[in-house]
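These notes are about the structure you will find just below.
This is a predicted model, so every value here is computed, not measured.
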Amino acid sequence: MYGSIGINLKMERFKKNMTQQEVSKATGISYSMLSKYERNVAKPKEDNLKMLAEFYGITVEELTEDNR
């Protein structure tokens, strides 16, 4: 639904060997919302997108690009 944002979020979380609950606690984004982002059910708001990109140590562009 929202391109590859969900796939990229999941890949970055796996690279950090973290659960959605751990990312939720570290970022303050609810577990249920993170799940929706990763499943492409919801699109992250710009501030959450920036926060997640910073948390994962990548740019927003890298997080939103296709074919990573």
Side-chain angles (χ1 to χ4, degrees):
M1 186 181 267
Y2 295 108
S4 61
I5 294 173
I7 294 166
N8 293 343
L9 284 169
K10 187 179 261 188
M11 281 178 36
E12 293 301 323
R13 182 171 58 79
F14 286 165
K15 285 180 190 177
K16 283 193 169 263
N17 196 28
M18 296 181 79
T19 66
Q20 287 178 340
Q21 290 174 327
E22 291 169 329
V23 173
S24 172
K25 187 173 183 179
T27 62
I29 299 170
S30 73
Y31 166 81
S32 63
M33 191 54 67
L34 283 172
S35 177
K36 289 177 183 179
Y37 294 163
E38 287 189 7
R39 292 181 290 127
N40 286 318
V41 172
K43 182 177 180 182
K45 293 180 182 180
E46 189 172 335
D47 57 335
N48 284 347
L49 198 57
K50 288 178 184 178
M51 182 188 321
L52 287 164
E54 184 176 318
F55 177 76
Y56 290 127
I58 60 174
T59 66
V60 170
E61 291 75 24
E62 289 174 302
L63 195 54
T64 58
E65 71 184 4
D66 289 330
N67 301 319
R68 284 198 63 211

Q. Do Glu38 and Arg13 come within less than 4.5 Å of each other through their side chains, counting heavy atoms only?
A.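 A side-chain contact under 4.5 Å exists here.
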Q: Would you indicate whether Lys45, at its atom NZ, is surrounded by more than 12 heavy atoms from other residues, nucleotides or ligands within a distance under 6.0 Å?
A: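 Open.
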Q. If you count the non-hydrogen atoms of other residues, nucleotides and ligands that lie under 6.0 Å from CG in Asp47, is the total more than 12?
A.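 Correct, the count exceeds 12.
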Interatomic spacing from [atom1] in [X] to [atom2] in [Y] - rounded to 0.5 Å:
X	Y	atom1	atom2	answer
Leu63	Ile5	CG	CD1	7.0 Å
Tyr31	Gln20	OH	CD	5.0 Å
Ser30	Lys36	OG	NZ	7.5 Å
Asn8	Glu65	CG	CD	7.0 Å
Arg39	Leu34	CZ	CG	11.0 Å

(Q) Quick one, Glu22 with Lys25, criterion salt bridge (Lys or Arg N to Asp or Glu O under 4.0 Å). Give me CA distance, side-chain angles, the key distance, then yes/no. (A) CA-CA 5 Å; Glu22 291 169 329; Lys25 187 173 183 179; over 6 Å; no
Tabulate below the donor-acceptor pairs under 3.5 Å that side-chain atoms of residues 49-58 make, not counting sequence neighbours, or state none.
from  : atom 1 : to    : atom 2 : distance (Å)
Lys50 : NZ     : Glu46 : OE2    : 3.3

